Amino acid sequence: MNTIPNNDFLSLTRENEHQLTPFTLDHEQCVVEIWDTGVIYFCPKNINSSRKKAIVLSSAIHGNETAPIEICNDIITGLLTNTINLIHPTLFIYGNPASINIGERFVEENLNRLFSGMQKGKTPLARNENKEQIRAAKLEDFVSQFYQKHINAERTHYDLHTAIRDSAHEKFAVYPFIHGKPWSKEQFEIVKSMGVTTFLLMQKPATTFSYYSSNVHDASSFTIELGKVRPFGENDQTKFAATKATLINLIGGVEVDTAKFDSSAYQFMSVHKEVVKHNESFKLTFADDVANFTAFNQGDVFATEDSNDIKADQNGEAIVFPNAHVANGQRALLTVVPTNIEDNLI
Ligand SMILES: [Zn+2]
């Protein structure tokens, strides 16, 4: 095969859940290569930007998070049909096509817990315990190949998600741990123009896709939560218009004005506590519809396990990503507090 029927890469991806033989498309302006199912590479034939970026846009790391999948497919179709302009080499990734097809977060294992650390030291064969592990290893390789092709470019990666719950801040971004390096004003401005002003600044390594590209490839990388999970066709596109417009500007070389950066326009939060579920007695004390970033008061109980109460240490300590249904030994809740980053910005 050397065509994408109807210029609909998502449908082609969904028809080939686990693999697709690589092929190249004929295209006037760009080199277009399909590297695998859900993985498509675009590079302008004439790179004439003085400042080259290499941009990874990933979605469907969780298969039921449809809004970013729809946004990316529209942009891919726009590129294939020449209605969207490309300046910077861009790699689009649909992380977990099989889980898109069943409308679930994952099939056997949460893909976003399988990057870097989870695979280090294992031989390739040992990664073959399930299809998500195989996919995570392949996605790492594709990202490596992409950045290797554009060795002098600024590396960026936006991993697009939607969250299980509502959020007091509808959109928010996770800035993976950058080991004490300064936070990027330019990146804050880019992500803000997607409609995101709340940033969760992580303080330790993680097994997420965004931490992988940040840590291994020194990419400016973010997990971006764009709203609440809904099925295909039920997303209110107006809520994602700013995100889509920003992504189109980004790949088209339209730069943001970083001189405008003003920290008072943002909410910066850091992790205060990571609550791990140890056994099946673990319970959250609040209802499923309590939003991410809801603040608690000192002494309030977030969760119980065995006879222990897990409490807020301070007023304003807020919850993020609560999920009592994770496997034992996994994170069931983060608590976060406001933080000041003025002294470590670039
Ligand atoms: Zn997700």
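Keep in mind the model is a prediction, meaning the values are calculated, not measured. Just so you know, ligand 1 is whichever comes first in the structure, and atom 1 is the first atom listed for that ligand.
No hydrogens or angles considered: nothing links the side chains of N64 and E104 as a donor-acceptor pair under 3.5 Å.
Minimum-distance N/O/S atom of H62 relative to the Zn ion (ligand 1): ND1.
Annotation: angle subtended at the Zn ion (ligand 1) by H161 ND1 and E65 OE1 is 90°, to 10°.
Here E225 does not reach the Zn ion (ligand 1): none of its N/O/S atoms is less than 2.8 Å from the metal.
How far CD of Q314 is from NZ of K273: 8.5 Å, rounded to the nearest 0.5 Å. Taking OG of S59 as the start and OH of Y94 as the end, the distance is 5.5 Å to the nearest 0.5 Å. Here the OH atom belonging to Y158 is positioned 10.5 Å from the OG1 atom belonging to T90, to the nearest 0.5 angstrom.
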